[in-house]
Asks: 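Quick one: this structure, given as structure tokens, is what I'll be asking you about.
Small disclaimer: the values here were computed from a predicted structure and weren't measured. Numbering starts at 1 and runs along the sequence shown. Heavy-atom basis, side chains included; hydrogens, waters and symmetry copies ignored.
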Amino acid sequence: MSALISRLKALLTTPANIVSFLAGALLVFAYAPYSLWWLTPLLLATWVKSIDGKSIKQATVASYCFGLGWFGTGISWVHVSIDQFGGMPLPASLFLMALLCAYLALFPALAGYIASRFSTGKKLNIWLLPSIWIFTEWLRGWFLTGFPWLSVGYSQIDSPLSGFAPVVGEVGLTLILLVIAVCVVKLVSKQSIVLHSMALLSIAAVTFWLNSTAFTSPTGEIKKVALAQGNIAQELKWKPEQEWPTMVKYMDLTRQHYNADLIVWPESAIPTVEPMAKEYLDMANSAAAMNSTAIVTGIINYNFESREYFNSLVVLGKQNKEDTDGSYYYPNENRFYKHHLLPIGEFVPFQELLRPIAPFFNLPMSSFTRGDYVQPNLMANGIQLAPLICFEIAFPEQLHANFSESTDILLTVSNDAWFGTSHGPHQHMEIARMRAREFGRPLIRSTNTGVTAAVDEQGKFTGRIPQFEEAVLSVDVALVSGQTPFSRYQKYPTFIFSAFLFIILLLVSRRQINRLYQ
């Protein structure tokens with residue numbers, strides 16, 4: 001055993017592996033709340049340089065070390081929920097975090113392995129990395145229901161490169177960042193300087209053009225929106241004695257904003273199941289209709305016949321502008337059920353084995369049923385909303401399945417109280433901003449403790465309120481019309497280009513590769 005440990009230690013502490021780990025760890029500063037977007041291409045280039053020309057084993061291990069650093073710092077916020085609400089001893093919670101990071105690091109390691117495995121002479125040709133990386137990132141976002149969090153393209157929402165998002169989306173941004181990193185490494189190595197300089201200049205020219213191109217246009221219509229942030233402590237949220245005070249709080253927060261066209265409460269804002277809250281919902285429904293507005297709220301629906309829980313959104317008050325009475329009744333069809341459930345938090349894989357182990361696997365409401373993948377947009381006071389709940393905002397495919405040209409606003413609600421003062425809620429907001437940029441629609445986000453905010457169709461903030469404050473954000477949302485290329489074609493152009501690049505590189509002989517890139 002000691003010999004194995006010594007061998008692993010020697011393997012992981014080589015210069016290339018240390019450099020790769022540090023490059024991955026420092027990537028956390030490229031994401032919100034730090035948003036040093038320029039770090040991403042530099043750190044990717046540092047990692048790519050460390051594995052350039054390495055053997056299969058060397059490239060795979062160094063890429064794994066990059067992944068350990070990347071996820072070790074980037075998703076450290078997950079430990080907050082495990083430690084504070086999971087009921088586990090610190091050593092056990094740290095072990096679970098290490099296990100999660102070790103699993104996620106397998107995907108960049110797989111990219112390094114496949115790229116070097118298909119390289120001529122089994123020495124990594126780094127030009128294979130961009131197309132392989134796109135495949136392994138897709139796999140990370142799909143396997144075991146997917147965890148696409150921290151994809152490198154998200155770090156560019158505030159950079160000039162964000163102009164690519166309406167065309168190729170975050171996935172295309174990721175490909176471009178890898179191409180830039182490879183070009184930088186080749187230039188530093190003084191290989192085909194003219195060719196790689198031209199590639200970087202071409203990206204810069206297209207960036208300039210895209211940032212001066214609009215794919216949507218204002219309709220001139222403005223909607224006044226009020227977003228409530230109740231700031232209910234997570235440890236109090238589901239206590240029976242807090243049920244009525246919480247519901248009264250949201251009514252009090254709303255009362256001064258009935259002049260809004262739309263009022264939004266966070267995910268599971270009403271801390272009881274929908275059939276048990278009928279009296280309260282009827283009261284809120286009538287109040288909203290009387291004031292010619294609509295309230296969209298998160299609530300848990302429980303079907304007593306099928307014994308199924310649904311994480312849902314319902315509309316209270318006016319559904320259409322012509323309505324004179326409240327449109328809500330139970331169970332009406334103008335509702336949304338969350339489809340992409342959060343592992344552990346909303347469903348427990350292998351629950352027969354895991355639930356007996358620790359309270360962490362028995363969190364409140366951790367046995368939800370999925371809603372349909374495709375559901376109609378919510379209609380609220382004549383506004384057509386494409387909704388996503390919490391973690392779903394990280395999956396553009398699902399938004400695409402429910403998005404249409406008639407969609408007015410993207411809506412997402414969440415409860416990030418699970419993650420305290422960590423950078424997790426800020427990364428969550430960053431992901432939501434990227435969806436607005438990709439689909440060319442304004443986005444509104446109401447959360448329990450923050451970040452509650454509104455952004456325009458370019459992903460730029462038009463209003464936000466501080467975290468951990470009981471407040472309501474009142475903001476004017478300008479509607480737009482038209483569709484972006486990404487909202488039509490999604491990831492397919494990027495996948496096709498990546499496959500084409502990969503095939504071309506495979507078809508080129510060793511002599512041609514050496515002549516081109518040396």
Asks: Which pair of heavy atoms, one from Gln398 and one from Asn402, lies closest together, and at what distance?
Replies: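 Heavy atoms of Gln398 and Asn402 come nearest at O-ND2, 2.9 Å.
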Asks: Any luck finding a side-chain donor-acceptor pair between Ser487 and His400 under 3.5 Å?
Replies: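 Their side chains do not contain a donor-acceptor pair, so the 3.5 Å distance test is not met.
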Asks: Taking Glu170 as the fixed residue, which of Arg437, Gln156, Met434 is the one that meets the side chain to side chain contact (heavy atoms under 4.5 Å, CB included) rule?
Replies: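 Checked Arg437, Gln156, Met434 against Glu170; only one passes side chain to side chain contact (heavy atoms under 4.5 Å, CB included): Met434.
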Asks: Is it the case that the side chain of Asp456 and the backbone of Lys460 share a donor-acceptor pair, with hydrogens and angles ignored and the cut-off at 3.5 Å?
Replies: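 Looks like yes, one N/O pair under 3.5 Å.
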Asks: Can you tell me if Lys237 uses its side chain to pair, donor with acceptor, with the backbone of Ala233 under 3.5 Å?
Replies: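 No.
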Asks: Using the benzene-type ring in the case of Trp, are the ring centres of Phe304 and Tyr302 under 6.0 Å apart?
Replies: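 Yes.
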Asks: Cation-pi check for Phe439 against Arg441: NZ or CZ below 6.0 Å from the six-membered ring centre and within 45 degrees of the axis, yes or no?
Replies: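 Pair Arg441/Phe439 does not count as cation-pi.
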Asks: Checking the side chain of Tyr250 only, and the main-chain atoms of Trp265 only, is there a donor and an acceptor separated by less than 3.5 Å?
Replies: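 Answer holds: no.
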Asks: Any donor-acceptor pair under 3.5 Å linking the side chain of His423 with the backbone of Gly74?
Replies: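 Side chain of His423 to backbone of Gly74: a pair is present.
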Asks: For the residue pair Trp149 and Phe147, categorise the inter-ring angle as parallel (less than 30°), tilted (30 to 60°) or perpendicular (more than 60°).
Replies: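 Taking Phe147 first and then Trp149, their aromatic rings lie parallel (interplane angle under 30°).
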Asks: Taking atom types as modelled, find out whether Gln467 and His426 have a side-chain donor-acceptor pair closer than 3.5 angstrom.
Replies: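 Result is yes, a qualifying pair exists.
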Asks: For the residue pair His428 and Asp416, confirm or rule out a side-chain donor-acceptor distance under 3.5 Å.
Replies: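 There is such a pair between these side chains.
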Asks: To the nearest 0.5 Å, tell me how far Lys57 NZ sits from Tyr113 OH.
Replies: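 Going from NZ on Lys57 over to OH on Tyr113, the span is 13.5 Å.
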Asks: Go through the side-chain N and O atoms of Asn301 and Glu308 and say whether any donor and acceptor fall under 3.5 Å apart.
Replies: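 No donor-acceptor contact under 3.5 Å links the two side chains.
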Asks: Using modelled atom types only, decide if a donor and an acceptor are shared between the side chain of Ser268 and the backbone of Ile300 within a distance under 3.5 Å.
Replies: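 Answer holds: no.
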Asks: Do you see a donor-acceptor pair shorter than 3.5 Å between the side chains of Ser189 and Lys49?
Replies: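 On atom types as modelled, these side chains qualify, holding a pair under 3.5 Å.
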Asks: Do we see a donor-acceptor contact under 3.5 Å between the side chains of Glu267 and Asn311?
Replies: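 The answer is yes; a qualifying pair exists.
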Asks: Taking the six-membered ring for Trp and the single ring otherwise, decide whether the centroids of Phe310 and Phe368 are under 6.0 Å apart.
Replies: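 Ring centres of Phe368 and Phe310 not closer than 6.0 Å.
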Asks: Considering only NZ, NE, NH1 and NH2 on the basic side and carboxylate oxygens on the acidic side, decide whether Arg335 and Glu274 come within less than 4.0 Å.
Replies: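 Between Glu274 and Arg335 there is a salt bridge, with a charged N closer than 4.0 Å to a carboxylate O.
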Asks: Determine yes or no for a side-chain-to-main-chain donor-acceptor pair under 3.5 angstrom, with Ser116 supplying the side chain and Leu124 the backbone.
Replies: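 The answer is no, because no donor-acceptor pair under 3.5 Å joins these two groups.
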Asks: Do you know the tightest heavy-atom contact between Val296 and Leu313?
Replies: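 Minimum heavy-atom separation between Val296 and Leu313: CG1-CD2, 4.2 Å.
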Asks: Let me confirm one number: the OG-CG distance from Ser76 to Leu100, rounded to the nearest 0.5 Å.
Replies: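 Nearest 0.5 Å value for the OG-CG distance: 11.0 Å.
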Asks: Please say whether more than 12 non-hydrogen atoms of neighbouring residues, nucleotides or ligands are located less than 6.0 Å from CZ in Phe497.
Replies: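 No, CZ of Phe497 has 12 or fewer neighbouring heavy atoms, counting only those of other groups under 6.0 Å.
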Asks: Could you label the plane-to-plane angle of the Trp77 and Phe419 rings as parallel, tilted or perpendicular, counting under 30° as parallel and over 60° as perpendicular?
Replies: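 Geometry flag for Phe419 against Trp77: perpendicular rings.
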Asks: Tell me the closest heavy-atom pair linking Val152 and Trp70, and the distance in Å.
Replies: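 Between these two residues, the closest heavy atoms are CG1-CZ2, 3.9 Å.
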Asks: Testing the basics here: between Ile176 and Leu161, what is the closest heavy-atom pair and its distance to 0.1 Å?
Replies: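 What the structure gives for the nearest pair is CG2-CD2, 4.4 Å.
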Asks: Taking NZ, NE, NH1 and NH2 as the nitrogens, is one of them in Arg433 or Asp158 under 4.0 Å from a carboxylate oxygen of the other?
Replies: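 Salt bridge: yes.
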Asks: Between the side chains of Thr447 and Thr452, does any donor sit under 3.5 Å from an acceptor?
Replies: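 Thr452 and Thr447 do have a side-chain donor-acceptor pair below 3.5 Å.
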Asks: If we ignore hydrogens and angles and just use 3.5 Å, is the side chain of Glu392 paired with the main-chain N or O of His339 as donor and acceptor?
Replies: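 Flag set: sc Glu392 to bb His339 pair under 3.5 Å.
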Asks: Between Gln375 and Tyr337 (side chain of the first, backbone of the second, donor and acceptor by atom type, cut-off under 3.5 Å), is there such a pair?
Replies: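 Flag set: sc Gln375 to bb Tyr337 pair under 3.5 Å.
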Asks: Any donor and acceptor pair, going by atom type alone, linking the side chain of Asp372 with main-chain N or O of Val374 inside 3.5 Å?
Replies: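 Absent.
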Asks: Is any side-chain N of the basic residue among Glu397 and Lys491 closer than 4.0 Å to the acidic one's carboxylate O?
Replies: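 The answer is yes: the pair qualifies as a salt bridge.
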Asks: Ignoring hydrogens and angles, state whether a donor on the side chain of Ser20 or Asn17 is under 3.5 Å from an acceptor on the partner side chain.
Replies: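 No donor-acceptor contact under 3.5 Å links the two side chains.
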Asks: Show me the donor-acceptor pairs within less than 3.5 Å that the side chains of residues 130-137 make with the rest of the protein, sequence neighbours left out.
Replies:
unit_1: Ser131; atom_1: OG; unit_2: Leu128; atom_2: O; d: 3.3
unit_1: Thr136; atom_1: OG1; unit_2: Ile132; atom_2: O; d: 3.4
unit_1: Thr136; atom_1: OG1; unit_2: Trp133; atom_2: O; d: 3.0
unit_1: Glu137; atom_1: OE1; unit_2: Arg140; atom_2: NH2; d: 2.7
unit_1: Glu137; atom_1: OE2; unit_2: Arg140; atom_2: NE; d: 3.0
unit_1: Glu137; atom_1: OE2; unit_2: Arg140; atom_2: NH2; d: 3.4

